[in-house]
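Working notes for the structure below.
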Amino acid sequence: MNDFLDESLQGAGIDTLAVRAGQTRTAEGEHSEPIFTTSSYVFDSAEAAAARFSGEDKGNVYSRYTNPTVRMFEQRLAALEGGEAAVATSSGMAAILTTCMALLAAGDHVICSRSVFGTTTAFFTRYMAKFGVETTFVSPTNYGEWQAALQDNTKLLFVETPSNPLCDVVDISRLAEIAKTKGALLAVDNCFCTPALQKPLELGADIIIHSATKYLDGQGRCVGGAIVGPQALLEDLVIFLRTAGPTMSPFNAWVFLKGLETLRLRMDAHSANALDLAQWLDQQPEIEQVFYAGLPTHPGHKLAAKQQRAFGGVLSFRVQGDKAAAWRFIDATQIMSLTANLGDTKTTIVHPGTTTHGRLSDEEKAVAGITDNLVRIAVGLEDVIDLKNDLQRGIDAL
Ligand SMILES: *Cc1c(COP(=O)(O)O)cnc(C)c1O
C-alpha cells in the first residue's frame with residue numbers, strides 16, 4: 001500500500017481516499033487544502049540548506065520539483081490508482097514526454113497502439129524517432145500484432161483503453177503478459193476511465209499516464225498531467241522534471257486535487273448519461289451505428305464489463321449520409337458545445353474526421369474506422385432528456 005497514507009486510511013474505499021488522502025495541514029489548522037504559491041522555501045540555517053540540497057533532508061527546495069499543493073495532488077492520485085507514487089506534470093503530453101525521456105534511450109524500441117491520442121502518435125513519430133527511439137504502431141485489439149512487434153530492444157508498450165473515438169477495449173492483463181516476455185514496461189493512458197472506473201496497476205500495468213486536463217479536473221479549467229507507478233521507477237522521472245522543468249503549477253494542482261474529491265461521483269454520472277444516450281441513439285433509424293462499450297453489441301462489451309466499473313462518458317456514432325450530413329447534425333445541436341475537449345461537466349460534440357483525426361491520411365482513417373459520417377460526443381452532466389432533445393435536433397437536420 002502507499003506508505004504516505006495515515007494508518008486510518010490504509011485500505012480505505014475510493015470515496016474516502018478521494019477526499020482525505022494526501023492532505024497535510026499547516027499549523028494554521030485549515031480544513032480545506034491551501035494553495036502554496038511560492039517558488040522557493042527558506043531554510044533555518046546554512047547547514048539546513050545544505051542538507052536540503054543534498055537530499056539528506058527531504059523538505060522543499062524549489063517549486064520546479066517540490067511544492068506542498070502539488071504533492072497533495074500526487075499523493076491523492078497515487079492513492080486512488082493504488083500506486084506507490086505519482087508525479088505531476090504541466091500537461092498530459094508532458095507526462096508522456098517525462099516518461100519517455102526518463103526511461104528510454106537511443107536504440108530503444110516502443111510498441112504503441114494505433115488508436116491513441118493523435119498528439120501521442122505525433123510525439124513518437126516526430127520526436128522520439130529524432131532521438132533514435134523507434135516506434136511500431138499496432139492494432140490495439142490484435143494481440144498477435146503486439147506479440148510479433150516485440151524486439152530484443154523493446155522497452156515500452158503504450159496503450160489507451162477504451163480508445164477514442166470508437167471505444168475499442170484492450171485487455172490490459174494480456175498486454176502486461178506480452179510486455180513481460182521481453183522485460184518491457186506497459187504504460188496505460190488511463191485518461192478515459194480514470195481510477196474511478198479502471199485500475200491498470202491491479203491488472204498488471206507498470207505505469208499509468210494521465211491527462212488531468214480531462215476528467216480529473218472535470219470542469220475544463222486547467223491543463224495538467226501525471227504519471228503513477230512504483231516509487232523506484234518514478235525517481236528517474238522526478239530527476240527529469242527537476243532538470244527539464246515541465247512542472248505542474250500549484251494553482252492547477254489545487255484545482256485537480258479538489259476535482260479528485262468528486263471524481264467517482266462524476267464518472268458514474270457521466271457513464272449513466274452516456275449509456276442512456278447510447279441506447280437511445282441505437283434505436284434511431286437515422287443513426288447507422290453506435291460505438292459504446294456499454295452496448296452488448298459492441299465487440300469490447302464483455303471485456304469492458306470485466307475490466308471497468310462502468311463504461312465511461314465518451315461515445316461515437318455514424319449518421320446516415322456523408323460528411324455534410326454529419327456537419328449538419330453537429331451544427332443543429334444547441335446545448336452541446338462544439339469543441340474537441342472531453343471530460344467536462346458540459347457535453348461536447350465533434351467531427352473526428354476533420355478535427356481530432358484530421359491529420360490522418362485517407363488510408364489511415366479507413367484503417368481506424370474514422371468515416372466521414374462519424375460524430376463523437378463526450379457526455380456531460382446535463383439532464384439526459386435535454387441531451388436527447390438536442391440530439392433529436394441533429395437527427396431532424398440530417
Ligand atoms: C488530452 C489527452 C492527452 C494529452 O493531454 P494534455 O493535457 O492535453 O496534454 C493524452 N491522452 C489522452 C487520451 C487525451 O485525451
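Indexing begins at 1, ligand by ligand and atom by atom, following the structure's order. Throughout, residue positions are numbered sequentially from 1 according to the sequence presented.
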Sub-3.5 Å N/O-N/O distance, Met93 and ligand 1: yes

Whether His301 and Phe311 hold their rings parallel, tilted or perpendicular, with breakpoints at 30° and 60°: parallel

Options Thr213, Asp189, Asn164, ranked by nearest heavy atom to atom 10 (C) of ligand 1, top entry: Asp189

Within the 6.0 Å centroid threshold, strictly below: Phe124 and Phe158: yes

Student check: side-chain heavy atoms of Thr161 and Asp168 closer than 4.5 Å: no

Under 3.5 Å: N/O of Gly92 near N/O of ligand 1: yes

Nearest protein heavy atom with distance in Å, relative to atom 5 (O) of ligand 1: Ser211 OG, 3.0 Å

Heavy-atom side-chain proximity of Arg76 to Glu261 below 4.5 angstrom: yes

CD (Glu47) with more than 12 external heavy atoms under 6.0 Å: no

Closest approach of any protein heavy atom to atom 14 (C) of ligand 1, naming residue and atom: Lys214 NZ, 2.9 Å

Residues Lys155, Asp108: salt bridge by 4.0 Å N-O rule: yes

For atom 4 (C) of ligand 1, the protein heavy atom that lies nearest, with its residue and separation: Phe117 CE2, 3.4 Å

contact_flag Ala94 ligand 1 heavy-atom lt 4.0 Å: no

Contacting atoms of ligand 1, where contact means under 4.0 angstrom from a heavy atom of Gly224: 7 (O)

